[in-house]
Amino acid sequence: MLSIEDALDRLGEIVTPIAETEHTKLVTAAGRTLKNAVLAPIDMPPFDSSAMDGYALHDSVLDSGETTYTVIGESRAGHPFTGVVANGQCARIFTGAMLPKGANSVVLQEDVRRLENTITVSPDETIRHGMNIRFQASDVAKGKKLLHQGQILNDFHIGWLAACGVESVSTSRKPKIGLFSTGDELQDPGSVLLPGQIYDSNRISLQQLIRHHAVEIVDFGRLPDDQEITRNCIDQATQEVDLLLTSGGVSVGESDFVRPVVEEIGELTFWNIALKPGKPLAVGLIRDCVFFGLPGNPVSTIVTYLLFVNRAIELISGANPSRPLKLSAILTNDLHHSVGRREYQRGTLWKNDSELSVTTVLDQGSNRLTSFAEANCLVEVPESSGNLVAGSRVDVVLLSDKTNHIWSV
Ligand code: AMP
Ligand code: MG
């Protein structure tokens, strides 16, 4: 059995990032991967401006020692004052407005007394050079790197790029991901189940998980347990997509045709991972299409997706690998585990005073999607661990539809 880390390394060796570049408008760029670094086209902020509502003036001590200034104009956001503020003068200024020439500090309106067209600064207030001013380029200077190549753009990046005046970015083409489920027993939700049938949940689970990436999904439907049909359909599909996922048919049963087909028309890179749930995972290359034969048990399908397919999508998109995000929590129940495979158990995480606590779902059967109904995390039980007792400290990974990051290593 291959360790998860070795399997991820081997995955890295077979995936080639997409070479094609597309110019993508900012409004549709969230989730896309930057093909090049983005440099700031302007200084940010583009001019010295006020951080507060108040009065713009120069910090030099007035000859008279007076703290009374004549208001000579007004600078509002988008409407700069075009005059020059001389000694003994000030301009009314509002948040975000351009600092007038001659001024180098802003006194808050609460710290002055205004009388007609003069203000008197409170004696408690010291006027300091630069106070309440956002200086030009203090956030980023023109030409500096805003974001790195390989960055997956999130909602926050988009706003930041817009603030800098970026209208479009060059991104990798969206990967095309194809999906099949396999199994004679599968039926569509909404249809009546005949004896021996179950509803196909894996294909829709995978679609939901994948759609959090910027990808194109091709739903190829279901495959019967028939080697020739499986071969022909997989062969055909791999010519259309960058990454093909199947679920089921990947063990060593009589009707498990997926792995033999990959070996026949492509190259199997690895199979059998020291992972629970999700041991029988077949990964390989069919021509230049990356192939994943995910296990059929629905919980195994999801866990192997989170661990491996997420990483593959990142690699194909040319993205920098995301950092693992794990939390440490105290287990509230005993947990059964045998040494050998790393296990991910569904659990509920909550904050208990200052500590995070986690309780695992009782029945961890890999067929039981019910376990996800209550779970908000996966508890990671290391390969080397035996049974764990309540009070043990464990690593957990949050389950949320925004948790499309790699969390195994
Ligand atoms: P298999 O690996 O094909 O033997 O499947 C293992 C288990 O997962 C069997 O109980 C299958 O009926 C079930 N299974 C396979 N594919 C799906 C699917 N798409 N949706 C729900 N259950 C499935
Ligand atoms: Mg099957």
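In what follows, residues are counted from 1 in the order of the sequence shown. Note that ligands are numbered from 1 as they come in the structure, with each ligand's atoms numbered from 1 the same way. Here the structure is a predicted model, which is why all the values come from computation and not from measurement.
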Worksheet item: Please state which protein non-hydrogen atom is closest to atom 23 (C) of ligand 1 and give its distance, to 0.1 Å?
Response: Gly296 O, 3.4 Å
Practice prompt. Work out whether the distance between some heavy atom of Ile198 and some atom of ligand 1 is less than 4.0 Å.
Written response: yes
Worksheet item: Relative to the heavy atoms of Tyr199, which atoms of ligand 1 are at a distance of less than 4.0 Å?
Response: 20 (N), 21 (C)
Item to complete: Tell me which protein heavy atom sits closest to atom 6 (C) of ligand 1, plus the residue, atom name and distance to 0.1 Å.
Response: Asn297 N, 3.7 Å
Worksheet item: How does Leu186 reach ligand 1, if at all, at less than 4.0 Å between non-hydrogen atoms: by side chain, backbone, both, or neither?
Response: side chain
Practice prompt. Report yes if some N/O of Asp200 lies less than 3.5 Å from some N/O of ligand 1; otherwise report no.
Written response: yes
Item to complete: Please say whether more than 12 non-hydrogen atoms of neighbouring residues, nucleotides or ligands are located less than 6.0 Å from CG in Leu362.
Response: no
Worksheet item: Checking salt bridge (Lys or Arg N to Asp or Glu O under 4.0 Å) for the pair Asp139/Arg134: CA distance, chi angles, key distance, verdict?
Response: CA-CA 9 Å; Asp139 201 353; Arg134 300 165 177 163; over 6 Å; no
Worksheet item: So which of Asn132, Asp111, Val107, Ile93 actually passes side chain to side chain contact (heavy atoms under 4.5 Å, CB included) with Met52?
Response: Asn132
Worksheet item: So between Gly249, Ser251, Ser181, whose heavy atom ends up nearest atom 1 (P) of ligand 1?
Response: Gly249
Worksheet item: Angle class for the Phe308/Phe270 ring planes (parallel below 30°, perpendicular above 60°, tilted otherwise)?
Response: tilted
Practice prompt. Could you say whether the N/O atoms of Arg203 and ligand 1 ever approach to under 3.5 Å?
Written response: no
Practice prompt. Please confirm whether Ser201 comes under 4.0 Å of ligand 1, counting heavy atoms of the residue only.
Written response: yes
Discussion item. Among all protein heavy atoms in this structure, tell me which lies nearest to atom 4 (O) of ligand 1, with the distance rounded to 0.1 Å.
Written reply: Asp256 OD1, 4.0 Å
Worksheet entry | Thr24 side chain to Thr171 side chain, donor-acceptor N/O pair below 3.5 angstrom | yes
Discussion item. Ignoring hydrogens and geometry beyond distance, is a side-chain donor-acceptor pair present between Thr95 and Asp53 at under 3.5 Å?
Written reply: yes
Worksheet item: Do the side-chain N and O atoms of Asn387 and His337 include a donor-acceptor pair separated by under 3.5 angstrom?
Response: no
Fill in: Greater than 12 external heavy atoms within 6.0 Å of Arg113's CZ
no
Practice prompt. Identify the protein heavy atom lying closest to atom 11 (C) of ligand 1, giving its residue, its atom name and the separation to 0.1 Å.
Written response: Glu185 OE2, 3.0 Å
Practice prompt. Measure from atom 16 (N) of ligand 1 to every heavy atom in Asn202, Leu206, Val299 and give the option owning the shortest one.
Written response: Asn202
